Undergrad: 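Dropping the structure in here first, questions after.
The figures that follow rest on heavy atoms only: side chains count, while hydrogens, waters and symmetry mates do not. Quick note: residue numbers are just sequence positions, from 1. In this text, all values refer to a predicted model and were calculated from it rather than measured experimentally.
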Amino acid sequence: MLRECHRVLKPDGVLAGYIIHTPPGLTPVQEQEAVDLGPSAVGAERSPADMATEAGFREVGVDDVTDTFLATLDRVISARLSCEARLRESEGDQVFADEQGENEGRRRGVLSGLLKRSLVVARK
């Protein structure tokens, strides 16, 4: 996907986005747990900066925003629980449970040091 973004971006254009990823140095067991707790593409073998550089970007900057992400997850989990009855009515029980489970899993992943969130900014 990063290569395609690089291809369609104008010269000197900037790509910015958030990524949930694993920190370096996890054991295979920890890596699998991170994959189980995070989004489907979380198990990248390379750092966000390395992936952007390999796709052809330069001036790659990566800022760790994990603490802000954790605070956001806490607020989302709390807000969804405070509106649980209405959300279950509009989303359905299964969707509500799945969404809460994903958010709580990501929270556990961050708290256990298995998941990080970074803002990546790169120039073509």
Undergrad: Using the rule that Ile, Leu, Val, Met, Phe, Trp and Tyr join whenever any side-chain heavy atoms are under 4.5 Å apart, tell me whether L111 and V65 fall into a single cluster.
TA: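 Cluster IDs for L111 and V65 differ.
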Undergrad: Could you tell me which non-hydrogen atom of L114 sits nearest to which non-hydrogen atom of E33, and how far apart they are?
TA: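 Closest pair (atom of L114, atom of E33, distance): CD1-CD, 3.5 Å.
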Undergrad: With clusters defined by side-chain heavy atoms of hydrophobic residues (ILVMFWY) lying less than 4.5 Å apart, directly or transitively, does V62 cluster with V14?
TA: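 No: no chain of side-chain contacts under 4.5 Å links V14 to V62.
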Undergrad: Is there a side-chain contact between K124 and C5 in this structure, where contact means two heavy atoms from C-beta onward sitting under 4.5 Å apart?
TA: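 They are not in side-chain contact.
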Undergrad: Measuring only between side-chain heavy atoms, which start at C-beta, is I20 closer than 4.5 Å to F69?
TA: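 A side-chain contact exists here, since the closest heavy-atom pair is under 4.5 Å.
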Undergrad: Ignoring hydrogens and geometry, is there a side-chain-to-backbone donor-acceptor pair from T53 to A49 under 3.5 Å?
TA: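 Yes.
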Undergrad: Determine, using the 4.5 Å side-chain heavy-atom cutoff (strictly less than), whether L2 and L119 are members of one ILVMFWY cluster.
TA: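 Unlinked, L2 and L119 end up in two clusters.
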Undergrad: If you measure from the Lys or Arg side-chain nitrogens to the Asp or Glu carboxylate oxygens, is any gap between E4 and R7 under 4.0 Å?
TA: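 Counted as a salt bridge, because a side-chain N and a carboxylate O are separated by less than 4.0 Å.
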Undergrad: Which distance, rounded to the nearest 0.5 Å, do you find between the CZ of R117 and the CG of D67?
TA: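 Going from CZ on R117 over to CG on D67, the span is 13.0 Å.
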Undergrad: What distance separates L37 CG from T22 OG1, expressed to the nearest 0.5 Å?
TA: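 The CG atom of L37 sits 12.0 Å away from the OG1 atom of T22.
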Undergrad: Rounded to the nearest 0.5 Å, what separation is found between the CZ atom of R106 and the OG1 atom of T72?
TA: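 It is 13.0 Å, given to the nearest 0.5 Å.
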Undergrad: What pair of heavy atoms forms the shortest contact from A52 to A122, and how long is it?
TA: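 Shortest heavy-atom contact: CB-CB, 4.5 Å.
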Undergrad: Is L9 linked to V60 within one hydrophobic cluster, defined over Ile, Leu, Val, Met, Phe, Trp and Tyr using a side-chain heavy-atom separation of less than 4.5 Å?
TA: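 Yes; tracing contacts between hydrophobic side chains, which count when under 4.5 Å, links both residues.
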Undergrad: For residues G38 and L115, report the shortest heavy-atom separation together with the two atoms involved.
TA: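 Heavy atoms only, the tightest pair is CA-CD1, 3.9 Å.
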Undergrad: Do M51 and V120 have side chains that get closer than 4.5 Å, going by heavy atoms?
TA: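 No, every pair of side-chain atoms sits at 4.5 Å or beyond.
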Undergrad: Any chance CZ of R58 has more than 12 other-residue heavy atoms, nucleotides or ligands included, within less than 6.0 Å?
TA: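 Atom CZ in R58 is crowded, with more than 12 foreign heavy atoms closer than 6.0 Å.
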Undergrad: Supply the atom-to-atom distance D93 CG to L87 CG, rounded to the nearest 0.5 angstrom.
TA: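 D93 atom CG to L87 atom CG measures 11.0 Å (nearest 0.5 Å).
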Undergrad: If I take atom CZ from residue R86 and atom CD from residue E91, how far apart are they, to the nearest 0.5 angstrom?
TA: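 R86 CZ to E91 CD: 12.0 Å, rounded to 0.5 Å.
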Undergrad: Does atom CD of Q32 have more than 12 heavy-atom neighbours, drawn from other residues, nucleotides or ligands, at distances under 6.0 Å?
TA: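 Correct, the count exceeds 12.
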Undergrad: What distance separates K116 NZ from D64 CG, expressed to the nearest 0.5 Å?
TA: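 One finds 4.0 Å between NZ of K116 and CG of D64.
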Undergrad: Would I19 end up clustered with L15 when hydrophobic side chains under 4.5 Å apart are linked, directly or stepwise?
TA: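 Yes, because I19 and L15 connect within a single hydrophobic cluster, where side-chain heavy atoms sit under 4.5 Å apart.
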Undergrad: So D63 and V121, do their side chains get closer than 4.5 Å, heavy atoms only?
TA: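 No, every pair of side-chain atoms sits at 4.5 Å or beyond.
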Undergrad: For residues G25 and Q30, report the shortest heavy-atom separation together with the two atoms involved.
TA: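 Closest approach of G25 to Q30, heavy atoms only: O-OE1, 4.3 Å.
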